[in-house]
Amino acid sequence: MSESLEAEVKTNPQGDPITSLEPEQKTNPQGDPITSVAAPKVDFKKDPHAEAKKQRVVTPEYMFFEAPRTKEFITGSESAKEAVRRSNVDLSIAYPITPQSETMQLIGVLYGEGYVKEYYRGEEEYGVMSAIAGASRAGVRCFTATAGPGTLRGLEPIASWPGHRLPAVAMFTCRVVNAPLAIQPDNIEVSYLLNCGMIVFHAENQQDLFDFIMQGFIISEKNDVTLPVGVACDGFFVTHARGYVHMQEKGIKLPPREAWRGAVPVLDAENPPARLSRDAPVQKSNFMAYNIHAVWQQEVWAAVERSRKYINQYMGGLVTAENVEGADAILVASGSAAAQSREAIRLCKDKGLQVGLIKIRSLRPFPTAELRQLCAKAKLIVVPEFNYVAWLAKDVAAAIYGFSKAKIVAGPHVYGGMSMPVEMIVDEITGGLTGKKSGNVPMSAIMGCDVDQAAVAHFMQNI
Amino acid sequence: MIKKRINIRMSGLGGQGAVTGAHVMAMAASKDGRFAISNPFFGAEKRMAPAESYCRIGVERIYDRGELVFPDVIEVYHPQVITMGKSYTMPFYSGIKEGGVVIINSDVPLLSDEDIQRLKDLNVAVFYIKGTQIALEVAGTELSTNMTMIGSAAGITKCVSLNGLDLALQERFGKKFVASGGTATLDEAIKKKFAKKEMLLQKNFATVKAAYEVGAEWAEKNKVELQVAAMAAA
């Protein structure tokens, strides 16, 4: 077995000898083995798209609520792939920026299998996001995914998607975007997406990612919504880690996009793109431009509001709430912070403290009414976050101001993508209830009716 | 103390198998019917650079992820973690919980008086294991050092059973398994040390078992009772 190997020393792209006795390991140009993508086996007799062609269309209601599901143990990137497989996607455009998740690479596999009709690699993120705009305007269902610096590089076109009323789903697997350089899942980039006018969901785990992507397409394309949906997750913890995902069979898919149902006409020979630029509001007069911009943005945000009923219908609500009634304290969290909160709640229970959890799934639209109702009698609200700026705590404080007398703790925070020790959350809860800090964690920003003005000023400075 | 969950932080150097150690440990716990999760943590995949891994084992579903800032057990795979500060936290025992256990692979004591006092104040037990020596004696290669680290941790805390470890080793090395380029290379290196795959499994398990016994004996003698609850008790 080994004698033939002695003859020549094979090397990988880095120049290291490949001494394996087993079949040669496929590697990417960096020398990492390609593990998730099986080498395409070319069998000319067999149609590689055969399986995909057999997929049958089912209603969203059947797909989300009735179709039988099986449990799989897969990574977040794989769950995104499986969601796209069942979403009848026409076009997906990839750019392999670093840091990244494997998602777009896996969508390439779907393209090879015929589950995605068109797929290519863009020149960079700006080009990808611009091309998604063009494709969505032309009436096809689009998907892309990016991460960290890629999100910000593509942000200019992304910020224009809602105003152009472009349905699409973009996945943001959050990584650090601010200096100093790091590649871990700090989710500060979500704060840049919140004010675009797009719908933004935040996935806690692999299951959320799978469900939110599929539900995102349907909500995005509703006539009275016609907006892009961003599905964010804390990259690495979700994309690179395995978790249980309950999935429908591969043989079914969502109905195709019917662009004629959208709020604005698609671009075609009768609605050429030149029309938009020729009649740009700014060319009429400034006052016309201001007026048009005002009503345009009002309509975008009104469409965000109108998406609430579909989020309730397909996702079962903008939030989930557990043990909130009569709780000593309530944790309000989204994404991975919700997962860490579940552990903190357990530790608190061992100490005899009843702590509730409100997990926010939809950041835009924001669950203002839900929070006002759920937090009406709360005494202490703790908002743990994986970023420096406390974007969630700000929104929570603004939403319940005047509707709740709770003390709000904006923290704990972890930075640069560090995972949040659950003990820090417990400290904030016990500290918030007793006024005594353990010293284990730095002073967090606190706001509420029973703290002094200095504490409020500290809160305002720190959020 | 019987806990519902034990959090283990493994601090090693690149190439020593700390990541594999956590992985095998988590798989073993899973084979035992407990809940477990392992996370690797490193910068460049470079030999002798600091590498850490984390293993959470418990009797309830585990939601939290990522690096362990407050571990119950710390395994130090290499003296340089302490002597040269090749650790992601300084000191290397930063964050250890009261009543925790520190396992150090070294044949000489490495802690300063200050370290000893601070760990004593936290009621943390320190166990030195001649891991590399055991690996050389039993498996015939220092590459099996990680087996002594997981074996001794299991012997002290009983967080995984020997049977679970045996099954996990079979799964990890018995069939084609790829985690990353660096890991694939290391796997090849260890496989070449043994004539046959069965031999690799057998010798590695013997190493685990030897370390398990050393650890169990030490824990009994020193009355170290940091254990994770049995599933039935949950």
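We name chains A, B, ... by the order of the sequence lines, and we start the count at 1 in each one. Side chains included, hydrogens not; waters and symmetry mates left out as well; all remaining heavy atoms used.
The shortest distance between side-chain heavy atoms of B:Val69 and A:Met418 falls below 4.5 Å. B:Ile37 has its side chain out of reach of A:Arg242: every pair of non-hydrogen atoms, C-beta onward, lies at least 4.5 Å apart.
A distance of 10.5 Å separates OG of A:Ser419 from CZ of B:Arg65, quoted to the nearest 0.5 Å. Interatomic distance, A:Arg346 CZ to B:Arg61 CZ, rounded to the nearest 0.5 Å: 9.0 Å. For the atom pair NZ of B:Lys4 and CG of A:Asp350, the computed distance is 4.0 Å after rounding to the nearest 0.5 Å.
Stacking of A:Arg342 on the aromatic ring of B:Tyr63 is recorded, both the 6.0 Å distance cut-off and the 45° axial limit being met.
Other residues, nucleotides and ligands place more than 12 heavy atoms under 6.0 Å from the CG atom of B:Leu167. Within a 6.0 Å sphere centred on CE of B:Met199, heavy atoms belonging to other residues, nucleotides or ligands number 12 at most. Environment of CG in B:Asp113: sparse, with no more than 12 heavy atoms of neighbouring residues, nucleotides or ligands closer than 6.0 Å.
Across all non-hydrogen atoms, the minimal contact from A:Glu343 to B:Arg5 is OE1-NH2, 2.8 Å.
Checked against salt bridge (Lys or Arg N to Asp or Glu O under 4.0 Å), B:Lys158 has no partners two or more places apart in sequence or in another chain.
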Under the side chain to side chain contact (heavy atoms under 4.5 Å, CB included) rule, what do A:Met420 and B:Asp64 come out as? Steps first, then yes or no, please.
-> CA-CA 8 Å; A:Met420 182 179 288; B:Asp64 58 321; over 6 Å; no

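Contacts of B:Ile62 with chain A are made by both backbone and side-chain atoms, with heavy-atom separations under 4.5 Å.
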